[in-house]
Trainee: 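This is the structure, below, for whatever I ask next.
Being a predicted model, the structure only gives us computed values, none of them experimental. Both backbone and side-chain heavy atoms feed into the values below; hydrogens, waters and symmetry mates do not.
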There are 2 protein chains.
Amino acid sequence: MNMTNHHKVIIIGAGISGLKAANLLINEHNITDIKIFEARDRYGGRLVSSEPGYHNQNYDLGASWHHDILINSMFQEERKTPYRPYVIEDDNFAIVDYDSEERLDQCKKLNIMPVYNELTTFLKLNYFGNLNNSLSLRDAVIMYINKMGDTLTKDQKVTLLSLSRYTELWNGDSWNLISAEDCVGDHFGRNALVNNFGLYPNKYLDQNNLKDKVVLNTAVTSIDVIKNGSKKMATLTTGNNEVYTADYVICSIPLSLLKKSSENCKQLGSIKFNPPLSHSFTSALSKISFGSLGKFFFEFDSIKWSTDQSRAIQMSKNFTKTIELLDDLNLNGNFLTTADLKSITSETDEPKEYKCDDYPYFVLNLASSFKIPTILFLTQYPLTEYLEKLSKQQLYEFFKPALINSLKKIFKCDKTLKYSPDHDEKVSDDEIHLKNIIHTSWTSDPLALGAYTSIRVHDSFDTFLEESMKGHEDIVRFVGEAYVSEGNGCVWGAEKTAEREVKNIIELEMTKEVNSLKI
Amino acid sequence: MNMTNHHKVIIIGAGISGLKAANLLINEHNITDIKIFEARDRYGGRLVSSEPGYHNQNYDLGASWHHDILINSMFQEERKTPYRPYVIEDDNFAIVDYDSEERLDQCKKLNIMPVYNELTTFLKLNYFGNLNNSLSLRDAVIMYINKMGDTLTKDQKVTLLSLSRYTELWNGDSWNLISAEDCVGDHFGRNALVNNFGLYPNKYLDQNNLKDKVVLNTAVTSIDVIKNGSKKMATLTTGNNEVYTADYVICSIPLSLLKKSSENCKQLGSIKFNPPLSHSFTSALSKISFGSLGKFFFEFDSIKWSTDQSRAIQMSKNFTKTIELLDDLNLNGNFLTTADLKSITSETDEPKEYKCDDYPYFVLNLASSFKIPTILFLTQYPLTEYLEKLSKQQLYEFFKPALINSLKKIFKCDKTLKYSPDHDEKVSDDEIHLKNIIHTSWTSDPLALGAYTSIRVHDSFDTFLEESMKGHEDIVRFVGEAYVSEGNGCVWGAEKTAEREVKNIIELEMTKEVNSLKI
Ligand SMILES: Cc1cc2nc3c(=O)[nH]c(=O)nc-3n(C[C@H](O)[C@H](O)[C@H](O)COP(=O)(O)OP(=O)(O)OC[C@H]3O[C@@H](n4cnc5c(N)ncnc54)[C@H](O)[C@@H]3O)c2cc1C
Ligand SMILES: Cc1cc2nc3c(=O)[nH]c(=O)nc-3n(C[C@H](O)[C@H](O)[C@H](O)COP(=O)(O)OP(=O)(O)OC[C@H]3O[C@@H](n4cnc5c(N)ncnc54)[C@H](O)[C@@H]3O)c2cc1C
């Protein structure tokens with residue numbers, strides 16, 4: 001064996017969890033014999049900024065918020081000496097639909113917020129910890145509406161059904177897929193929007209000449225764990241057929257790729273494990289899902305709208321029909337069977353065709369946060385997949401109804417919308433010109449295959465977490481956003497797994513030393 | 001023994017828990033040999049409507065809401081066939097102080113609500129279940145402000161400190177007394193305001209000729225439990241020295257009176273137990289408190305204000321000084337010691353003199369809920385105690401600043417306020433006349449001594465609950481708002497204890513029968 005190809009620890013992936021792990025190994029434990037393989041031609045993984053856009057602005061295509069700042073350990077560090085500046089806004093979000101002229105959150109007569117809060121409590125009470133995972137968010141909301149029916153007006157019922165889909169934009173997944181048990185996360189504090197979060201990985205890359213340890217454009221394709229007496233060692237093969245060995249492996253490939261790996265799919269980024277992943281882990285991997293949050297940045301000629309409101313929900317067209325069908329069942333709050341549910345939800349099932357007003361969007365006013373003339377739309381599975389393949393012209397056509405509606409009702413801008421990608425086109429006073437669209441393409445990116453973990457009906461997050469935390473053959477450890485409960489799907493969650501697994505490796509190493517002393 | 005003075009079950013108190021217990025014994029278990037002693041000359045206890053006021057309207061001096069309607073078992077019954085009509089409003093409450101012209105909840109720049117929600121989460125995370133009971137609400141709020149200092153503006157800090165006192169009006173108790181661990185209850189759903197909740201006890205009184213079983217104006221003064229072999233029996237003495245015996249006693253005297261009883265205070269309503277209450281129960285009773293919510297109904301000549309807003313918080317004058325002292329300590333988020341806390345909170349300690357703007361009020365617009373020209377102010381300990389002794393003229397003088405401020409800023413009424421109790425006084429167009437004030441007097445009422453349970457610093461609700469649920473000598477069972485966790489302090493909680501203790505008695509009775517069969 002060529003010993004220059006041996007390393008104490010090999011890290012797969014130079015995303016935030018891989019970089020954090022390297023940083024901790026070096027800074028806290030003085031373990032410098034490390035190598036990082038990164039399949040892409042860049043660092044940072046799902047923490048990345050876009051190329052400069054129309055106004056020479058970079059946008060965060062992956063993470064952009066510190067979430068849950070009250071318990072977010074990474075944010076506690078950032079606060080002391082911020083590597084990247086942030087703003088904490090979190091004003092109450094505006095809510096608009098297509099039918100009403102008024103903002104629904106401000107409509108006295110509708111009085112929707114107390115009802116929405118009650119729904120949230122209902123979901124938590126019924127699903128947190130105590131019962132099954134077989135209800136989708138959509139079905140659980142219908143059960144709430146059925147249960148509290150006589151205390152709700154028809155308008156409240158109709159609005160609530162659409163409004164509950166807001167959660168789709170947290171999970172990046174469809175309300176008839178996500179599990180009602182898990183989707184309505186508690187929020188632990190406000191959120192801080194980071195300016196160019198994509199630069200954050202440099203915090204670690206700029207220390208310890210870490211870049212020198214990273215090999216870009218190099219995917220690991222297989223991991224063989226070999227036993228040598230009681231000692232285990234890993235042999236890794238890369239895409240260009242080089243072979244490396246290591247005492248420990250920290251594997252940070254996204255959950256989506258680990259799922260592919262366990263299904264023996266041969267695609268860029270997936271890894272062949274030998275011995276294969278345990279049966280229980282493989283089975284746990286089949287009970288966890290991956291969502292597809294998408295981001296669409298609409299760059300305008302200049303800020304021609306109100307900066308009062310930083311966040312909003314543009315609701316989908318409403319589900320009056322579903323509510324009418326429910327009312328027709330005349331259950332008076334009595335139990336709704338699966339058959340009942342089926343009979344009334346057919347119209348809310350996935351459409352054959354993608355239409356703008358079939359989906360809710362989370363809308364961000366970057367003019368309010370960072371004085372940039374850009375409005376950001378967040379999208380969810382399955383829509384994201386469809387949209388990420390379209391041309392800019394097609395995207396404009398698709399989003400037009402929602403853009404016009406949002407500009408008018410949320411941002412108080414009545415100007416005529418025009419798409420004019422041409423730099424020099426003249427803009428008259430009563431017009432607002434969309435100049436460019438920048439967007440994500442995580443769903444078609446083989447090294448992401450979506451955005452982050454989502455828990456769907458019949459999934460079991462707890463089982464998955466338990467199995468994945470065991471690692472593979474002890475010496476292969478998994479890090480990343482998926483492998484943690486608090487901070488799941490988030491940058492800070494990913495960093496926490498790096499801390500945990502580095503600690504695990506140090507403990508394994510200490511046990512090994514004690515054992516070798518005994519012998 | 002005169003057997004006509006013997007009853008299967010004697011119930012002490014014809015409040016809602018006593019009446020509910022009687023109703024269940026009769027309807028569910030066919031136990032009709034019941035007697036109820038009630039010290040007052042009326043039924044209902046703390047569920048009572050006032051005498052008709054200026055507009056011939058009765059106001060609820062005790063309970064007026066079904067709280068937490070999502071889990072409120074009594075409300076689930078009421079919904080089906082309401083005995084008393086209700087409205088569910090729960091609009092977002094308006095927040096005003098004395099300094100700002102604007103409503104603080106609508107002030108974009110202040111953006112207080114996300115911060116207030118974060119504080120609530122902080123209190124729950126730090127105190128629910130996992131740590132000590134030695135911090136008051138006030139001190140815990142200061143700890144939050146210290147911890148999150150750099151993410152808050154000075155205006156947010158100052159507002160937050162005052163706004164957190166809103167909780168005083170749920171507990172009827174002062175923020176420097178109530179325990180931070182317990183005071184920020186989760187809210188399980190919306191609240192339904194009942195029209196004349198005081199009539200609700202009739203629901204039970206009108207069944208089974210229940211009134212015939214109630215002896216009004218008769219306080220029980222002592223309970224002796226005598227053992228006869230393995231059988232126990234209770235002997236009760238009343239204020240007029242009559243003696244009754246019973247197999248079981250359901251004791252519904254308010255917690256305040258049970259505390260007095262355990263301290264051997266001889267006062268109306270307190271009971272001498274022989275044998276005395278167990279040492280552990282007596283000690284548990286010393287670790288639970290009783291708050292003093294007060295209600296002040298201001299009756300005006302007619303509705304001359306906006307009915308848009310049904311609920312509001314009139315904040316106290318602000319604590320700028322406290323925040324400045326905290327900032328001077330320059331802790332940068334580091335731990336705040338008890339000494340630090342003391343040094344900055346002296347100015348917020350109880351004043352020698354009672355002044356209107358030293359206290360927050362929860363303000364209810366009965367014009368919006370029930371079209372009555374009345375505004376209701378809720379007050380808390382210790383202020384309630386002071387106010388309940390004042391004359392109407394004095395009350396008017398006291399509340400004037402808050403009334404004027406609320407009328408103007410919450411209810412958009414700029415008319416000149418005048419107190420004119422005289423029925424015939426002419427009211428000019430630019431005036432609004434206060435005609436009458438109706439208010440509670442629970443603090444000076446020996447049979448209440450306050451409003452309902454409150455959990456203070458160093459109290460231990462769990463211990464108290466555990467001890468009280470054991471009953472006294474098995475056959476004396478305690479019912480009422482105090483003896484339950486979910487629904488504590490509430491009518492529906494009181495009803496739940498009646499269900500529980502009737503069930504306990506039935507079980508004791510069954511065991512007795514089985515035992516006697518054995519012998
Ligand atoms: C649209 C979007 C919005 C988001 N918003 C937020 C947010 O606001 N706040 C927040 O906290 N989080 C957010 N997230 C999540 C956050 O970006 C991720 O949780 C985090 O960046 C994941 O880091 P990671 O190290 O686990 O994975 P990654 O960043 O995916 O790193 C894994 C790395 O492994 C590489 N790799 C894969 N396979 C191989 C292989 N076989 N060999 C070598 N290298 C390989 C990949 O190229 C990648 O660089 C968002 C994510 C998306 C997609
Ligand atoms: C100002 C105020 C506002 C409130 N608001 C609400 C609300 O909005 N919603 C809600 O759910 N709850 C509310 N409550 C609480 C609710 O009113 C009580 O929880 C409930 O009425 C208590 O019923 P009880 O049977 O436990 O006690 P009580 O109603 O106090 O009944 C005890 C009875 O025992 C009698 N008694 C006492 N000593 C003796 C004796 N020695 N011998 C014989 N009889 C005796 C008393 O006279 C009384 O009638 C409020 C209470 C107050 C004071």
Trainee: Is any side-chain heavy atom of A/M148 less than 4.5 Å from a side-chain heavy atom of B/I69?
Mentor: yes

Trainee: State whether A/D308 and B/K108 are salt-bridged, where the test is any N-O pair (Lys NZ or Arg NE/NH1/NH2 against Asp/Glu carboxylate O) under 4.0 Å.
Mentor: no

Trainee: Given the options B/V115, B/N92, B/N117, which has more heavy-atom pairs under 4.5 Å with chain A than any of the others?
Mentor: B/V115

Trainee: Is the number of heavy atoms from other residues, nucleotides or ligands under 6.0 Å of A/K154 NZ greater than 12?
Mentor: yes

Trainee: Indicate yes or no: at least one non-hydrogen side-chain atom of B/Y144 is less than 4.5 angstrom from one of A/L70.
Mentor: yes

Trainee: Taking side chain as everything from C-beta outward and backbone as N, CA, C, O, which of these in B/K80 sits under 4.5 Å from a heavy atom of chain A? Side chain, backbone, both or neither.
Mentor: neither

Trainee: How long is the span from the CD1 atom in A/I71 to the CZ atom in B/F122, to the nearest 0.5 Å?
Mentor: 13.0 Å

Trainee: Just to verify, which of B/D90, B/I88, B/D91, B/N191 counts as forming a side-chain contact (heavy atoms from CB on, under 4.5 Å) with A/P114?
Mentor: B/D90

Trainee: Is there side-chain contact between A/T151 and B/R79, with heavy atoms separated by less than 4.5 Å?
Mentor: yes

Trainee: Side chains of A/T121 and B/H187: closer than 4.5 Å at any heavy-atom pair?
Mentor: no

Trainee: For the interface with chain B, which of A/E118, A/Q76, A/M113 has the highest count of heavy-atom pairs at distances below 4.5 Å?
Mentor: A/E118

